[in-house]
**Student:** 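Input: one structure, supplied below.
Not measured: the values here are computed from a predicted model.
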Amino acid sequence: MKRIRVLIVEDSAVVREHLKRIIAADRRLEVAGAVATAEEALEVLEEIAPDVISMDVRLPGIQGLDATRQIMARRPTPIVVVSAVEPGEMNLTMEAFKAGALAVVEKPPAVTQAGYDAVACRLCTQLAIMSEVVVVRQQAVRPRPVQAPDGCCRRGNYRIVGMAASTGGPNALMQVLGSLGSGFPLPVLLVQHMEPSFVVGFGSWLAGVTGLKLEIVDRRMELAPGTLYLAAPDRHLVTDGSWAWAQDGERVSSHRPSASVLFEAMALHVGQAAIGILLTGMGEDGAQGLRQLRLAGGYTVAEHQSTAVVYGMPAAAVRLGAACESLALHDVAPRLMKLAGGDSQDPSS
């Protein structure tokens, strides 16, 4: 079996050797190269031609953030940020998503420390999974909406928006939510698949770049207009339309929080007064829940293939007939504004 070629970019010699040992020990992976600086990574990029890159964000000289941008411009390659869970690195880590990184994992602790095996396993699994993502420059295409049967695209009287994403999600959520503005009249409930240790930092970053108020739903909370409610780490997010709360339970489609759990709760309790949005992501989480929401009379949108970093979750929703329409990312916020504002024009316009 052909092994996945990994380029390690890490300035600490100790951590670099640590990562090399972990990756070399995984039968799926091989270390194609290990460098200390972004400059070195850019020099060897074409020669090594890695399948995936393990990227530190805090580097001497060119930072990992700028390196990510340059790699995406020169030779688009899946990038997994390997970062410490520290306030000083969190913003850099989140900005790397904006530049094109696909995922973030925690730097593995020393072999003798608790949790080493689990963190090392997650690192290798993320590298293997992300190596399969075809990273391309997105085409500037304005797709035609998928037309829904009469009655699906009803306007007005919506009470709540549910939004979910996985791989490529942080940047997609930033673009959509940043376009809504603080005066958006509905609460927005969010599920983003992410390492639990980075969720709170992601929430703070998202609030900062969008200007919207954000709450991490780790207890029962009353919903308020124009506020984002992000699923707490490793907890499902559910709602009855007036309140949101965290819920334990089995993983759904290998995820907790699960997009389908959120959408199914919206279908059960809110029905035709709910809007569901499923954005970029690997796998099929959210598709079944979005279908239940559409069947309950809710308005449902799947991101179009032309803008999705990974057209897995939205594609699964389209195959099930779960989406009233498919929209390019830049069209999602305008559609939400029209729906929430009760615009009388046809939604497909």
**Student:** With side chain to side chain contact (heavy atoms under 4.5 Å, CB included) as the test, pick out the partner of Leu177 among Leu336, Val332, Val209, Leu212.
**Tutor:** Leu212
**Student:** For Gln63, is the CD atom crowded, meaning more than 12 foreign heavy atoms sit under 6.0 Å from it?
**Tutor:** yes
**Student:** To check you understand the geometry: which heavy-atom pair defines the closest contact between Gly286 and Ser260, and what is its length?
**Tutor:** N-OG, 3.1 Å
**Student:** Are Val261 and Val161 linked, directly or through intermediate hydrophobic residues, by side-chain heavy-atom contacts shorter than 4.5 Å (ILVMFWY only)?
**Tutor:** no
**Student:** If you apply the rule side chain to side chain contact (heavy atoms under 4.5 Å, CB included), what do you find for Ile62 with Gln70, and how did you get there?
**Tutor:** CA-CA 10 Å; Ile62 298 176; Gln70 292 192 42; 3.8 Å; yes
**Student:** Please report the shortest heavy-atom distance between Ser326 and His304, naming the atom on each side.
**Tutor:** CB-CD2, 4.0 Å
**Student:** Contact between Arg28 and Thr125 at the side-chain level, heavy atoms closer than 4.5 Å - yes or no?
**Tutor:** yes
**Student:** Can you tell me if Arg5 uses its side chain to pair, donor with acceptor, with the backbone of Asp51 under 3.5 Å?
**Tutor:** no
**Student:** Quick one: do Val6 and Val31 satisfy side chain to side chain contact (heavy atoms under 4.5 Å, CB included)? Show the steps, please.
**Tutor:** CA-CA 5 Å; Val6 183; Val31 178; 5.7 Å; no
**Student:** For Ser242 and Arg159, work out which heavy atoms get closest and say how close.
**Tutor:** OG-NH2, 3.5 Å
**Student:** Side chains of Ser253 and His255: is there a donor and an acceptor less than 3.5 Å apart?
**Tutor:** no
**Student:** Between Asp234 and Arg256 (salt bridge meaning N to carboxylate O under 4.0 Å), is one present in this structure?
**Tutor:** yes
**Student:** Where do Arg235 and Pro257 come nearest, in terms of heavy atoms and distance?
**Tutor:** O-CB, 3.0 Å
**Student:** Between Glu10 and Lys20, is there a salt bridge with N-O shorter than 4.0 Å?
**Tutor:** no
**Student:** Same cluster or not: are Val81 and Met94 linked, directly or through other Ile, Leu, Val, Met, Phe, Trp or Tyr residues, by side-chain heavy atoms under 4.5 angstrom apart?
**Tutor:** yes
**Student:** Which distance, rounded to the nearest 0.5 Å, do you find between the OG1 of Thr307 and the CG of Asp331?
**Tutor:** 8.5 Å
**Student:** Treating Tyr158 as the side-chain partner and Gly298 as the backbone partner, does any N or O pair qualify as donor plus acceptor under 3.5 Å?
**Tutor:** no
**Student:** Does the Thr77 side chain pair with the main chain of Arg75, one donor and one acceptor, at a distance under 3.5 Å?
**Tutor:** yes
**Student:** Is there side-chain contact between Tyr311 and Val318, with heavy atoms separated by less than 4.5 Å?
**Tutor:** yes
**Student:** Does Met72 share a hydrophobic cluster with Leu102, counting links as ILVMFWY side-chain heavy atoms below 4.5 Å and allowing steps through other members?
**Tutor:** yes
**Student:** More than 12 non-hydrogen atoms from neighbouring residues, nucleotides or ligands closer than 6.0 Å to CD on Glu47, yes or no?
**Tutor:** no
**Student:** Backbone N or O of Ile8 within a donor-acceptor pair of the Arg16 side chain at under 3.5 Å?
**Tutor:** no
**Student:** Are any non-hydrogen side-chain atoms of Leu19 and Pro108 less than 4.5 angstrom apart?
**Tutor:** yes
**Student:** Consider side chain to side chain contact (heavy atoms under 4.5 Å, CB included). Of Asp285, Leu290, Val191, Val301, which one does Leu278 pass it with?
**Tutor:** Leu290
**Student:** Report yes if some heavy atom in the side chain of Pro314 is under 4.5 Å from a heavy atom in the side chain of Gln305; otherwise report no.
**Tutor:** no
**Student:** Rounded to the nearest 0.5 Å, how far does CG of Leu189 lie from OG1 of Thr227?
**Tutor:** 10.5 Å
**Student:** So, the side chain of Thr280 versus the backbone of Val310: is there a donor-acceptor pair under 3.5 Å, distance only?
**Tutor:** yes
**Student:** When rounded to the nearest 0.5 angstrom, what is the spacing between CD in Glu325 and CZ in Arg335?
**Tutor:** 4.0 Å
**Student:** Which value, rounded to the nearest 0.5 Å, describes the distance between Thr210 atom OG1 and Leu180 atom CG?
**Tutor:** 8.5 Å
**Student:** Just verifying a value: how many Å separate Tyr229 OH and Ile216 CD1, rounded to the nearest 0.5 Å?
**Tutor:** 12.0 Å
**Student:** Specify the closest pair of heavy atoms between Met163 and Phe263, including all atoms of both residues, with the distance to one decimal.
**Tutor:** N-CE2, 4.4 Å
**Student:** Any chain of hydrophobic side-chain contacts (each under 4.5 Å) joining Leu293 to Leu223?
**Tutor:** yes
**Student:** Measuring from Glu132:CD to Leu127:CG, what's the distance to the nearest 0.5 Å?
**Tutor:** 12.0 Å
**Student:** Answer yes if Leu279 and Ile275 sit in the same cluster of Ile, Leu, Val, Met, Phe, Trp and Tyr residues linked by side chain heavy atoms under 4.5 Å apart, and no otherwise.
**Tutor:** yes
**Student:** Would the number of heavy atoms belonging to other residues, nucleotides or ligands and lying under 6.0 Å from CZ of Arg220 be above 12?
**Tutor:** yes
**Student:** Looking only at non-hydrogen atoms, find the nearest pair between Ile79 and Met55 and report the distance.
**Tutor:** CG2-CB, 3.7 Å
**Student:** Have a look at Met313 and tell me which of Met282, Glu284, Glu303, His193 forms a side chain to side chain contact (heavy atoms under 4.5 Å, CB included) with it.
**Tutor:** His193
**Student:** Show the numbers, then the answer: is there a side chain to side chain contact (heavy atoms under 4.5 Å, CB included) between Phe202 and Leu190?
**Tutor:** CA-CA 12 Å; Phe202 166 66; Leu190 304 177; 5.9 Å; no
**Student:** Just by distance, do the side chain of Thr300 and the backbone of Ala322 share a donor-acceptor pair under 3.5 Å?
**Tutor:** yes
**Student:** Spell out, as yes or no, whether a donor-acceptor pair under 3.5 Å connects the side chain of Glu30 to the backbone of Ile4.
**Tutor:** no
**Student:** Before you tell me yes or no, could you show the steps for His18 and Tyr116 under side chain to side chain contact (heavy atoms under 4.5 Å, CB included), namely the whole-Å CA-CA distance, both residues' side-chain angles and the distance that decides it to 0.1 Å?
**Tutor:** CA-CA 11 Å; His18 191 39; Tyr116 165 80; 3.4 Å; yes
**Student:** For the pair Lys107 and Asp56, find out whether any cationic side-chain nitrogen is under 4.0 Å from an anionic carboxylate oxygen.
**Tutor:** yes
